[in-house]
Amino acid sequence: MADFNFGKIEKKWQKRWADEKTFYVSEDSKKKKFYSLEMFPYPSGYGLHMGHALNYTIGDIIARYKIMQGYNVLHPIGFDALGLPAENAAIKEGTHPQDYTRNSIKNFVMQQKRLGLTYDWARVVDTSDPSYYKWDQWLFLKMLEAGLAYQKESLVNWCPECKTVLANEQVVDGKCWRHEKTSVESKYLKQWFFKLTNYADELLDNLDNMNWPETTKQMQKHWIGKSYGTEIDFEVDGKKWPVFTTRPDTIYGVTFVVISPYHKELKRLVTAEHKTEVDNFLKKLKSVSEKDLIELEKEGAFTGSYALNPINHEKVPIYIGNFVVADYGSGMVMAVPAHDKRDYEFAKKYDIPMKIVIDPVDFELDDRSLTEAYTGEGTLINSEKFNGMENEKAKEEVTNFLKEKGLGKKSVQFRLKDWGISRQRYWGTPIPIIHCEKCGVVPVNYEDLPIKLPKDVKFGEGNPLLTNEKWINVKCPRCMGKAKRETDTMDTFVNSSWYFLRYADPNNDKEIFDKKKVLYWCPTDVYIGGAEHACMHLIYSRYYVKFLRDIELVNFDEPALRLFHQGMLHGEDGDKMSKSKGNVVNPLDTIEKYGADSLRLFLVSVASPDKDFDWSEKGIQGSFRFIRKVYDFFMNTKTGKTPLEIEIKLNKSIKDIGEYIENFDYRKATIELRELFEEMSKGNELGKKVLEDFLKLLAPFCPHTAEELWEKLGGKGLVSTSSWPEFKEIELSKGTGINMNEKVIENVLPLMKRLEDRGEKISKVHLYVLPFEIGELDKKKLEKGLGKEVFIYSVKDSMKLDPEDRAKKAKPGMPGIWFE
RNA sequence: GUGGGUGUGCCGGAGUGGUCAAACGGGACAGACUCAAAAUCUGUUGGUUCAUCCUUACCUAGGUUCGAAUCCUAGCACCCACACCA
């Protein structure tokens, strides 16, 4: 057996690719482009993990395939280098976030290069570099001009552990997304926002036409959460208090009103006698937030105030309720305990009366025996002139009635909120704003960008930027008077919302990017990353692209034509890989042990890349064995004549593997490769063409081994930049047709026998064949084999006799059958 | 609760109406090589059988069909995402 020194082979080809800049690209109007993108990593000090390796391998395989197909392929990588973890790690280890990040990136690059990826290393984007975040600031100013960036005092999610504000998307079940055990507190702070909601409708409507996974689209729809309903004005002390409802048909069933504990105007409703009660409840709320939100019981307190139901002028009590969300609708809801689950629970607890106004069609409701809210369909009762009306119709009618009287209107609500981008942290993009004593909020002048992060700050509690007086105190750009810089920095998701466009022109210091270059490369043809980004990053980047389109910097609507989510990679024990469990497998160690090609092959051959799977040491050994077998075979084989079966098999593989790669069905592609190799290694002589073609098919998966063997075989240039082998249409039908007559007889005979056993008489057999197979069937042979008269038709033949429409059952290799 | 998904042989996992006792990988077993082991190679891996036949099989129960792992209905189990949005 030949010595298989994969380490040496890998080094050799990685050096060659680097020296020759094999995968560096530039615009070429004569070539079709393909943009393969993996989500750029956050450069943590721990280095690459297996999930990264999987992510990059998936993108690299399709990139390599497309290169071989003749596309001009952009395949870049960069680093999402700003963000809280670097700052936290820096604090822990006593280093500066900048040094920490630089070291991490160095380490990442070294490891990424060992995987044999086709990255264009001249295009690396580092978001912590002022030459990048300058354009984040530039975009901020543009949004400010467009009225999409604004400041407001608002209720924010405050994580006491991070000592910063979190986006709604960063709050998971009431806990910080980074600290599973830390409850998020609510606080009012002045914050910068981007008006995501301006694009709510477009973000929602476009989804239907996008080639993204259905689950992701569904999740985004959910997240945007458009709902149609009615806004109704209730009256308290002569003032109007709007509530939003999707059930205006139940308005006669309102027996109380509930307001969110975080409602800004709450104080106005609390009467003197009930102040203590309300305060106690609010205090309790804070401690209750420790509990899981799901198990939270509905609780509240009476405010002492009453609201007037506009339709029947009934006075109903106003309660505070912990289940009412402050920033959805108006933060106040009308409660119909008989027909809403939450209202029912609340009413039961505080002994508030219920009133049935919807009568189910097939059974009776009784307000004394009511054990749960009835939320179904029915006809209206106890609703004055609307009595007897279908409730769906009543939704319309009640709304119209209220509108005529000026007491309400149709309304659309979104769950989607504006994006709070302010962070009270150091390691982020400074917001280019100056607060002047006289002029107020003043944007930094464009020519003063970038506002660089000062290196000299002290880390501890709160925002480190506050510790550098020199940086904070500036002159107002407008009046030259005393002013201070904004010390909030931007959410790291801002940086990652448009980086994929910067790859098209990463070193431009005159403008955000050369529009021509972006229009050539973008949008991304495939975007590969984890499903956990479905609602944050993937909505923000869609928003950014729409904004950039509206200021005429791009001409497309969506960032990525196709989106692919890789599965989660677990440890060998089936648990998540984690240091505490000790089941982490490091990509670099694996490369040392089995080689990068084995790792790449293993990662995509255990399961479909979009499914979760477990690491398996046995599995990677299997991949290693296969590669070594291939290596060994090529080192020993002699070129000669290729048997026909091998050519047919190869031809089929060329087609299938290509299709599998296009569909990210890499697992099947590797199976096909194994089968093909199995066939090939049976004989001892093969033509050079077949050997070359096999290496081409292998190259996207195991590029180093493929290059080495390609060289040994005397192939021209690099296999990586050779062309994908051609599929020949004719040979395939030859392949399936070889024994078609016998196959048909073999299948039809037992079928016929069964029918005849049952007493049916058969005199004629009609066969419906796919058009390209029609020459394969021999009427005489079939008649001899079947002992009946046989008729053969093409499925496309409009004159054929086919009363039971059996023609549509025809498949390659097997015609549709009808007995007469 | 809402939405999505899955259920296949010892395990992972293909398979969307006939070519399926069911790809491919792993494991197991047997044999070759070897003093021996590892590696490698060959074969076997539902039952019965020399073989054919037959029989039992793709969560369960029904159904459609000449024919079902594949289609339909109901149920069970598991997984993921979102979750008090009025």
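Below, chains carry the letters A, B, ... as their sequence lines are ordered, and counting in each starts from 1. If you're wondering where the values come from, they're calculated on a predicted model, not measured in any experiment.
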Any A:Arg625 side-chain N or O less than 4.0 Å from OP1/OP2 of B:rG26: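 Result: yes.
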Touch class at under 4.0 angstrom, heavy-atom based, for A:Glu675 against every strand present: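 Result for A:Glu675 = sugar-phosphate.
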Sugar-phosphate only, base, or nothing, as touched by A:Ser227 at under 4.0 Å among non-hydrogen atoms: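 Result for A:Ser227 = sugar-phosphate.
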Contacts of type side chain to side chain donor-acceptor pair (under 3.5 Å), residue A:Asp597, not counting sequence neighbours: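 A:His704, A:Thr705.
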Contacts of A:Glu675 that satisfy side chain to side chain donor-acceptor pair (under 3.5 Å) - sequence neighbours left out: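 Not a single residue meets the side chain to side chain donor-acceptor pair (under 3.5 Å) criterion with A:Glu675.
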Selected nucleotide, minimal atom distance to A:Phe323 side chain, candidates B:rC24, B:rC84, B:rG27: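 Nearest to the side-chain atoms of A:Phe323, counting from C-beta on, is B:rC84.
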For nucleotides 3-7 of chain B, list the nitrogen or oxygen atoms of the protein found under 3.5 Å from its nitrogen or oxygen atoms, one pair per line.
none

Run the side-chain donor-acceptor check on residues 252-261 of chain A: report pairs under 3.5 Å with partners two or more places apart or on a different chain.
residue  : atom : partner  : partner atom : Å
A:Tyr252 : OH   : A:Glu384 : OE1          : 3.3
A:Thr255 : OG1  : A:Pro353 : O            : 2.9
A:Ser260 : OG   : A:Tyr262 : N            : 3.0
A:Ser260 : OG   : A:Val324 : O            : 3.2

Taking only residues two or more places apart in sequence or in another chain, which ones pass ring-ring contact (aromatic ring centres under 6.0 Å, His included) with [X]?
{"X": "A:His533", "value": "A:His537"}
{"X": "A:Trp212", "value": "none"}
{"X": "A:Phe694", "value": "A:Phe634, A:Phe677"}

Over 12 foreign heavy atoms within 6.0 Å of NZ, A:Lys349: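 Yes - once you tally the heavy atoms of other residues, nucleotides and ligands closer than 6.0 Å, there are more than 12.
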RNA chain B contacts among residues 662-670 of chain A, heavy-atom distance under 4.0 Å: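 By residue number: A:Arg667, A:Lys668.
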Any residue meeting side-chain contact (heavy atoms from CB on, under 4.5 Å) with A:Arg247, in chain and number order, not counting sequence neighbours: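 Residues passing side-chain contact (heavy atoms from CB on, under 4.5 Å) with A:Arg247: A:Thr245, A:Asp249, A:Thr250, A:Ile358, A:Asn391, A:Lys395.
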